[in-house]
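Reviewing the structure listed below.
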Amino acid sequence: MVNFLTRAFISLTTNLKPIAVGTKYFPTTSLETEYVELFNYTQTILFELKKAEITSDTILENLIRDVGAENIPKDYNFFEIAPAENKIEEYALVSNIIMGSDRYFYIEIPEPSNLINIFVKIIENEKGEVVEKTATELIAKMLSKNDAIRVAIELIGIGLSEDVQVISAVGMTGAASIERAIHYTQSVGSFPGVAFTKLGGEYALVFDSPFLLQESHPVDLENYLFIDLIDSTKFIDKHGRNHLVELMTGIKNFIESECDGELEGYREGGDDFIARFPSKDLAIRAGLDAAWFALDNGAKIRAGIGRSRREAGERAQLVDDLKSTAPLSLVIFELANGLYAYNIPSEFSRTLINLIENEKAKLIGVFAFVFIFVYLMSILGLGMYSFVGVIIALVYAFIA
């Protein structure tokens, strides 16, 4: 959440709605700590450009799109076990960006069967990793939540064809997937199905009649990142073209080595490029790292993430249409059916936000000083010099 004063300042200077400044995510590894510190040190702002309407219907629509209609049988029941709140939780988004898209899923059958060994082979063929296995249960790790749901449906179909009820659940960890399976049977019953979370809610696909998919294939969802340096001519005039080349090369190398990105159409000395990623979380992470790196080198970028090159480019160009007081360094992406953006504020904005968030006593003192100074100048008939008090207060605030 953003306090009233911070929200008012950010809204006034950007004409956008801030959802969060920094992150409330609690890190547990060195990588997570590094990213959380970057979010909070740079006071990265999450903006809502177009509000997502999160309902059971939109959750199901997105699920069918992401898993693939061809990978879901026609006959199923969609259950809402726990509804999602109609808002975006920034720490959940940060968690997905840092931890990645891989997910665990749990499979349970009522009694020992050779089906478990068949399931293991199918999971391994689907590029999954079996973590634990018993005669009636197994835990596996898949490349993404969508892959885990898709493979779980495939295994449930095989089970139904053998008159074996298969219960499955997807979670961030193996333990979370087991817990979700327990919650599923308590809420829905011991029916064949797969439980999962989406945007903070808990849902399940339940199947009560045999089905056999022709062949289950992962959906090939493209994820493109378009990056463009804002006002590159001014940057070159100030720092030189060599510094521009170093900046863009640094971003390029990070994207290729750390985010599994593939650059398309990059020209050395240019100020923009497009990169393709295997998942959206990697694309957002690359955009954020590029924006942080650019800011550290005195530059701003506009970045857009989309399912096509054109969509990514159009989202990056949205920066030009915003009525902010200064160009914003933004990473724009779709979430559910809404449009959101991360902004890395300038040093001046960060200083003011820090004053509002962490130095309230100093800020109140500054306003009190300005008020008293202006009042005294008015009494003495020197109102025209009131601006001096404002200048003194600002200099004191920044030096202090």
Side-chain angles (χ1 to χ4, degrees), residues 56-57 59-82 102-171 174-198 201-219:
S56 290
D57 289 339
I59 292 285
L60 180 57
E61 288 172 8
N62 289 339
L63 176 71
I64 293 171
R65 179 197 68 189
D66 295 340
V67 175
E70 68 279 8
N71 294 318
I72 301 176
K74 293 181 180 179
D75 295 326
Y76 63 84
N77 293 299
F78 180 67
F79 280 86
E80 180 183 79
I81 299 171
D102 57 338
R103 291 294 183 271
Y104 291 83
F105 81 109
Y106 169 76
I107 289 287
E108 179 186 3
I109 57 178
E111 56 187 34
S113 168
N114 188 51
L115 271 180
I116 283 289
N117 297 319
I118 295 172
F119 290 170
V120 168
K121 291 180 181 179
I122 292 172
I123 289 167
E124 290 174 345
N125 286 338
E126 293 282 0
K127 300 180 180 179
E129 174 190 353
V130 175
V131 179
E132 293 182 23
K133 181 178 80 73
T134 68
T136 58
E137 301 171 294
L138 66 82
I139 297 173
K141 184 180 180 183
M142 300 300 297
L143 296 177
S144 71
K145 179 189 292 187
N146 296 329
D147 278 336
I149 295 172
R150 177 181 61 82
V151 173
I153 293 172
E154 183 180 0
L155 302 186
I156 291 166
I158 294 171
L160 283 169
S161 68
E162 298 288 330
D163 200 25
V164 175
Q165 293 188 327
V166 177
I167 292 173
S168 180
V170 180
S177 63
I178 294 173
E179 185 178 11
R180 186 151 299 121
I182 294 169
H183 194 199
Y184 165 81
T185 55
Q186 290 173 341
S187 303
V188 179
S190 298
F191 301 104
V194 53
F196 53 90
T197 58
K198 281 280 186 179
E202 194 167 345
Y203 304 89
L205 288 175
V206 181
F207 309 93
D208 54 13
S209 58
F211 65 87
L212 191 62
L213 301 171
Q214 289 186 350
E215 196 170 357
S216 184
H217 286 294
V219 176

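Residue numbers run from 1 in the order of the sequence given. What you see is a predicted model, and the numbers here were worked out from it, not measured in a lab.
- Taking 4.5 Å as the limit, some side-chain heavy atom of L63 sits within range of a side-chain heavy atom of I149.
- The 12-atom threshold is not exceeded at CD of E179, counting heavy atoms of other residues, nucleotides or ligands nearer than 6.0 Å.
- Looking at heavy atoms from C-beta onward, L143 lies out of side-chain contact with E126 at the 4.5 angstrom threshold.
- Residues meeting the ring pair (Phe, Tyr, Trp, His ring centres under 6.0 Å) test with Y203, sequence neighbours left out: F78.
- Taking CZ of R180 as the start and CD1 of I178 as the end, the distance is 12.0 Å to the nearest 0.5 Å.
- Atom CD1 of I116 and atom CD1 of I109 lie 4.0 Å apart (nearest 0.5 Å).
- The minimum heavy-atom distance between S209 and L160, with the atom names listed, is O-CD1, 3.5 Å.
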- Query: Would E70 and V219 satisfy side chain to side chain contact (heavy atoms under 4.5 Å, CB included), going step by step from the backbone distance to the final call?
  - Reply: CA-CA 9 Å; E70 68 279 8; V219 176; 4.1 Å; yes
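- Residues passing the ring pair (Phe, Tyr, Trp, His ring centres under 6.0 Å) test with Y76: none are found, sequence neighbours excluded.
- The CD1 atom of I122 sits 7.0 Å away from the CD1 atom of I118 when rounded to the nearest 0.5 Å.
- In this structure, the side-chain contact (heavy atoms from CB on, under 4.5 Å) partners of P73, at least two apart in sequence or on a different chain, are I153, F207, F211, L213.
- In this structure, CG in D147 is found 11.0 Å from CG in D102, a value given to the nearest 0.5 Å.
- Every residue two or more places apart in sequence or in another chain was checked for a salt bridge (charged side-chain N to carboxylate O under 4.0 Å, His left out) with E108, and none qualifies.
- Contact annotation: the side chain of I107 approaches that of V166 to within less than 4.5 Å [non-hydrogen atoms, C-beta and beyond].
- For the pair N71 (side chain) and V67 (backbone), a donor-acceptor distance under 3.5 Å is present.
- With contacts defined as side-chain heavy-atom distances shorter than 4.5 Å, the pair I123/L155 qualifies.
- Between V164 and P110, some side-chain heavy-atom pair lies under the 4.5 Å cut-off.
- Applying the side-chain contact (heavy atoms from CB on, under 4.5 Å) criterion to D208, with sequence neighbours excluded, gives N77.
- Within the 3.5 Å criterion, the main-chain N or O of Y184 finds no donor-acceptor partner in the side chain of S187.
- Atom CD in E137 sits 13.0 Å away from atom CZ in F119 (nearest 0.5 Å).
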Between side-chain atoms of residues 189-198 and protein atoms elsewhere (two or more places apart, or another chain), which donor-acceptor pairs fall under 3.5 Å?
none

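- Side chains of S177 and V170 form no contact here, defined as non-hydrogen atoms less than 4.5 Å apart.
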